[in-house]
Structures are given as structure tokens and as C-alpha cells.
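It should be emphasised that the depicted structure is a prediction, and the values quoted were computed from it without experimental measurement.
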Amino acid sequence: MTADDGHTRDQTGADDEAGVLPPSDTETGGAGELEAGVPQLLRDRDAVLEQALPDVPFDGWTDDLVRRAGQAAGFDAAATRRLFPRGRIDLIVHFCDYADRRMAAELERIDLPSLPIRSRITTAVLVRLEQNLPHREAIRTALGLLALPQNAALGLKTLYRTVDAMWWAAGDTATDFSFYTKRATLAAVYSSTLAVWLDDRSEGFADTRAFLDRRIADVMRIQKVRGRVEKMLPDPRRFLPGGSRFAGRNSLRMRGR
């Protein structure tokens, strides 16, 4: 890969090294329907992404792809650079946010909070996978780039935003330490299920569904044990500055508020 493909930008960009993400699309007004109520900036980014996605399996995520997709969407090179200053990495991050918005819109239509907790998580993960079935190769190559040391922090943040969107769609309002444990647990479930799904050739993705059911069953058993243990232990927030207010403030901070 040449420097023109953006390889050197990934390695030397100060934002990448710091793991900086731009505000997510859901945090800047892109939640719900992808057309109604979406700021023009996000519409423009969506337009470039939609031009790029069909070519990713053949060309990979490259800066040249960003340039060509921008041109196909009606933007000159300078305008495309303004939309995606870090080239392919910004396009990948936007792809993750775009998928989060589509997922959130569908889960809102389903009325996820009305379902049992196990069904909420199963439905959220399956909706995410089913919506992205046309983009499996794009996801595979994006994960490979986000796994590189210089992009690892971005990869973790995009994963956090996805599972956070799932829990909010599921009606989670926790402000104690379970806010974090729920998201960490779902991140493990989702990422491992995603890995199975990427290579699943079974009819109707039966292997992925079975794997997801097993993982969630394991989590439910662990949660029952954890709940019994927590009842026997003092609340750890008592030992933190600000007491119970600490978790509430941090949960809002994690949402970017």
C-alpha cells in the first residue's frame, strides 16, 4: 500500500494516536430516520459512504476510494477532504455511526423495551447483523484496519458506541456501576458473535443464532450469580468522591452530554 492510500496518515495522524472520534451521528442529531432531521453535514457524509460501500470489497478502504466516492456523490476533492479530514479512517468511523443510526431507527420501530431483557439483546444484535448483510466484506476489512495498533482506540470507541446504542434502545436507564458492566458484557457478546457471523455459511445464519443464544445464556447465568454477590457486598460508590452522584455524572459524560 502506498502513502497515497492513506497508510502514513493512519500511522502519524495525531488524532488517530489520541484515539479521537468526531461526535457520533446519533449525538449530532442523526438518530431515527436517516433522512428526516439529519443535519446536512451528515447527509453529505452519508452520500459519500453510500457511493463507497459497493466498491469496498474490491478496492478496500483507501483514501483513493474516499476521493472517488466523493466525486461520485458530487463533491470536489477539497469538499471531500473537509467531510473526511483523515480519509479512510474517518469514512470507516462514519460507517459505524451510520450503522448505529439505522439500527436505532429499526429498534425504535420494534419497541424493544416492551420485550423481555433476553429478547431485547438478541433482537438488537440480530437487527444489527441483518441490516449489514450486504456489507460483510466491508465490515471484515474495516475491523482489520481498526485492529491495527494506531487505530485500536478508535475501534474500541466505535464498539462502545454500538453497544451503548443497543442498551439505550433497550430502555436501559442505569446510572450505577451496572451502566459499565452491561456495556462491557454486551461488547463481548456482540464482538464474538460478529466474528462468527462474518464466516457463517449456514442456512439462515443458523450457526450465528445458535452461538448468540449460547453466549446470552451464559451471560444470564453470570448475572444471576453477580446479583447474589452484590447483595452481600457494600456499595462501592460509598468509597468514591461524590458518592452515588459519581456514576450518574459519568454515565452522562459517556453519552457526550
| query | Taking only residues two or more places apart in sequence, or in another chain, which ones meet Ser202 in a side-chain hydrogen bond (donor to acceptor under 3.5 Å, both in side chains)? | reply | Asp200
| task | Evaluate the side chain to side chain contact (heavy atoms under 4.5 Å, CB included) criterion for residues Phe205 and Leu133: first the C-alpha distance (whole Å), next the side-chain angles of each, then the deciding distance (0.1 Å), finally the verdict. | result | CA-CA 11 Å; Phe205 295 96; Leu133 181 57; 3.3 Å; yes
| task | List for me each residue that meets side chain to side chain contact (heavy atoms under 4.5 Å, CB included) alongside Leu143, sequence neighbours excluded, and say none if there are none. | result | Ile139, Leu194, Leu198
| query | Do the rings of Phe95 and His135 sit parallel, tilted or perpendicular, given the 30° and 60° boundaries? | reply | perpendicular
| field | Residue list, salt bridge (Lys or Arg N to Asp or Glu O under 4.0 Å) with Asp59, at least two apart or on another chain | value | Arg68
| Does a side chain donor of either Asp172 or Trp168 reach within less than 3.5 Å of an acceptor in the other side chain? | no
| query | Which residues pass the side chain to side chain contact (heavy atoms under 4.5 Å, CB included) test with Ala73, sequence neighbours left out? | reply | Ala47, Val48, Gln51, Phe75
| field | Contacts of Ser119 that satisfy side-chain hydrogen bond (donor to acceptor under 3.5 Å, both in side chains) - sequence neighbours left out | value | none
| remark: Residues passing the side-chain hydrogen bond (donor to acceptor under 3.5 Å, both in side chains) test with Gln40, sequence neighbours excluded, are Asp44
| said: Ignoring hydrogens, what is the shortest heavy-atom contact between Ala138 and Leu53? Give both atom names and the distance. | reply: CB-CD2, 4.2 Å
| field | Qualifying residues under salt bridge (Lys or Arg N to Asp or Glu O under 4.0 Å), relative to Arg209, sequence neighbours excluded | value | Glu130
| said: Which residues end up grouped with Val196 if you chain together Ile, Leu, Val, Met, Phe, Trp and Tyr wherever their side-chain heavy atoms are less than 4.5 Å apart? | reply: Phe211
| request: Find out if a path of hydrophobic residues (ILVMFWY) with successive side-chain heavy-atom gaps under 4.5 Å connects Leu156 to Leu186. | output: no
| Is the count of non-hydrogen atoms from other residues, nucleotides or ligands lying under 6.0 Å from Glu106 atom CD greater than 12? | yes
| Are the side chains of Tyr180 and Thr185 in touch, meaning some heavy atoms are under 4.5 Å apart? | no
| Residues two or more places apart in sequence or in another chain: which of them pass side-chain hydrogen bond (donor to acceptor under 3.5 Å, both in side chains) with Asp55? | none
| said: Any salt bridge linking Asp207 with Arg201? Criterion: basic side-chain nitrogen under 4.0 Å from a carboxylate oxygen. | reply: no
| Under the side-chain hydrogen bond (donor to acceptor under 3.5 Å, both in side chains) rule, what pairs show up with a residue in residues 137-149, not counting sequence neighbours? | Trp61-Thr141, Glu137-Arg140, Arg140-Asp199
| query | Tell me, which pairs form a salt bridge (charged side-chain N to carboxylate O under 4.0 Å, His left out) where one or both residues lie in residues 114-129, sequence neighbours left out? | reply | Asp100-Arg128
| request: Cation-pi check, Arg86 to Phe84: give yes when NZ or CZ is under 6.0 Å from the six-membered ring centre and within 45° of the ring axis, no otherwise. | output: no
| Linking Ile, Leu, Val, Met, Phe, Trp and Tyr through side-chain heavy atoms less than 4.5 Å apart, which residues share a cluster with Phe58? | none
| Is Asp46 salt-bridged to Arg101, going by a charged N under 4.0 Å from an acidic O? | yes
